[in-house]
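Report on one structure; see the data block that follows.
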There are 2 protein chains.
Amino acid sequence: MPQPPAPRKATGRPPRISREEVIGTARRIVDADGVDRLTMRRLASEIGSTPMALYHHVRNKEELLVLLLDDYATRTLRRPELPDRPRERIVVAAAAIHEALATCPWIVEVLTADDLMSESALWFVEQIVDGLVACGLSPERAVHGYRAIWYYTAGEIVIRTTAARRRAEDDRTTYRERVFADLDPDELPRLAQVADHWAPLTAEDTYLEGLRALVDGLVATR
Amino acid sequence: MPQPPAPRKATGRPPRISREEVIGTARRIVDADGVDRLTMRRLASEIGSTPMALYHHVRNKEELLVLLLDDYATRTLRRPELPDRPRERIVVAAAAIHEALATCPWIVEVLTADDLMSESALWFVEQIVDGLVACGLSPERAVHGYRAIWYYTAGEIVIRTTAARRRAEDDRTTYRERVFADLDPDELPRLAQVADHWAPLTAEDTYLEGLRALVDGLVATR
DNA sequence: GTAAGTTTTTGTACATGTAAGAAAACTAGC
DNA sequence: GCTAGTTTTCTTACATGTACAAAAACTTAC
């Protein structure tokens, strides 16, 4: 793996491709044909190299996807105007991250891989932690609060995106539908009550409401 | 795919293996050697069949894993004593699901695949939805509240498990550590302030605190 | 020049999930 | 028995990520 801090040793066989070229070409493929079409072989051939050569610039395909997500975040995350009230500041910052990620449908494969820790995302993290501190949390509790918000946000995106993808590529009856079809109203009255509306209800986008509830709960002095 | 409701047509070539046998053998492999060692070829050979024969009993490997998780949930989920206060009931029910899933380290691959919708898990869902209604939410809002709790719970498990796995199999410096090493304290004062403790802070298990905050926020009349 | 050392590239090979279709093993109708 | 139909199993084949080792293309020391 190359060491950018070193001032270019100029020893060894000179590289024909660079990490940037790899990422850039991968981005083009993903933008054009979707993440499913991004294979190491195709990437290599489009870049004019061989599959294994790529592995000197990225550790493996997963890291490549993380780098792609980073690249995407750097290019599209714009810092919004933040309201004055700290509680609203938290909500707006988290919602901005959520929106950016939710419109990038292929992240699912990567989202769980690591925290969202690109340079450009840190500012949002800072705003959230700072907002929590402004609400009276200790720095430690603020970090925990940020983590909770991140769990909720990432979980929402991953689950909703996966569900949507599954619906798209598989129109057979899902297990869920079968289970909900014959609920015992005596044992599970509430679920039986909402069984008919379960699908539309869970399809609704309630990220913001949930986020608000979570933030409210986090900043409430208990 | 076989139709269990039909009373056994007894036509066509008689099956030599059953879905139950497939799941049972898969479970043994996973219990013995971990989910990584579960391959369709090995499963087939241990069952005394061929890989492609399995595909008449499970749709694909992902469905097999979902069925495995279902099986696991059915065997291990025990209904806890629930407190009277609805708010606490929600917390206890959600925490029970969380605990069962968190001790089953291989679920990550499946968790995002679908809701946790095995028969045995529905009772917990019922308790959560019912608890939310008892706190004054409409049935619709209660379902949304349950979804928020599920997003948070699944996100926590997926992210923490993936992070732990990554730490285990890769001791090289992570991207996160590098980013946190040189934070600009002027631009990101809060993060710089906690940078040293970030790793231990995020390693702490704060699921319950986050859950409590979320539930508090959900039931608070606003 | 040559030799040694370093880094990148390439070629080969393997494990894996699974698509496609042929074959096998049965039943029902004749 | 024979044929047609149905369901399950088996064979073959392919795409993919990537391990491993050899080769290539450099620099530096002599």
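Chain A is the first sequence line, chain B the second, and so forth, proteins listed ahead of strands; every chain is numbered from 1. Only this structure's heavy atoms are used, side chains among them; waters, hydrogens and symmetry mates stay out.
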Can you tell me the distance, in whole Å, between the CG atom of A/L64 and the P atom of D/dG17? 10 Å
Quick one, B/E156 with B/H98, criterion side-chain hydrogen bond (donor to acceptor under 3.5 Å, both in side chains). Give me CA distance, side-chain angles, the key distance, then yes/no. CA-CA 9 Å; B/E156 201 264 2; B/H98 177 261; 2.7 Å; yes
Tell me the interatomic distance from A/I47, atom CD1, to C/dT8, atom P, rounded to whole angstroms. 14 Å
Please report the distance, rounded to the nearest Å, between CD in A/E21 and P in C/dT8. 14 Å
When rounded to the nearest 0.5 angstrom, what is the spacing between CD1 in B/I159 and OG1 in B/T202? 11.0 Å
Protein-nucleotide distance (A/L43, atom CG; D/dT16, atom P), rounded to Å: 12 Å
Which whole-number value in Å describes the distance from A/I17 CD1 to C/dT9 C1'? 8 Å
Is any side-chain heavy atom of B/L211 less than 4.5 Å from a side-chain heavy atom of B/I90? no
Heavy atoms from C-beta onward define the side chain here; which of C/dG17, C/dC26, D/dT8 lies closest to that of B/Y55? C/dG17
Report yes if a side-chain nitrogen or oxygen of B/H57 is closer than 4.0 Å to either non-bridging phosphate oxygen (OP1 or OP2) of D/dT9; otherwise report no. yes
Gap between atoms CG and P, on A/L65 and D/dG17 respectively (whole Å): 10 Å
B/R16 near the nucleic acid: base, sugar-phosphate alone, or nothing, with a heavy-atom cut-off under 4.0 Å? sugar-phosphate
Within a reach of under 6.0 Å around CD of B/E99, are more than 12 heavy atoms found that belong to other residues, nucleotides or ligands? no
On DNA chain D, more 5' by nearest nucleotide between A/R37 and A/M52 is A/R37
Hey, which of these two, B/M40 or B/G12, hits DNA chain C nearer its 5' end, going by closest nucleotide? B/M40
Side chain of B/P51: nearest nucleotide among C/dT8, D/dG17, C/dT18? C/dT18
Given atom CZ of A/R41 and atom C1' of C/dA13, what is their separation to the nearest angstrom? 11 Å
Distance from A/L43 atom CG to A/S49 atom OG, nearest 0.5 Å? 9.0 Å
Check every strand shown and say whether B/L38 touches a base, only sugar-phosphate, or nothing at a heavy-atom separation below 4.0 Å. sugar-phosphate
Length of the CZ-P vector between A/R42 and D/dT16, whole Å: 10 Å
Quick check for you: among C/dT27, D/dG17, C/dA24, whose closest atom lies nearest to any side-chain atom of B/R13? C/dA24
Among D/dG17, C/dT10, D/dT9, the nucleotide that comes nearest once only the side chain of A/A53 is considered: C/dT10
Quick one: is A/T50 getting a side-chain N or O under 4.0 Å of the C/dT10 phosphate, OP1 or OP2? yes
Counting only side-chain nitrogens and oxygens, does A/S49 get under 4.0 Å of the OP1 or OP2 atom of C/dT10? yes
Among D/dT9, D/dT16, D/dT7, the one nearest any side-chain atom of A/T39 is D/dT16
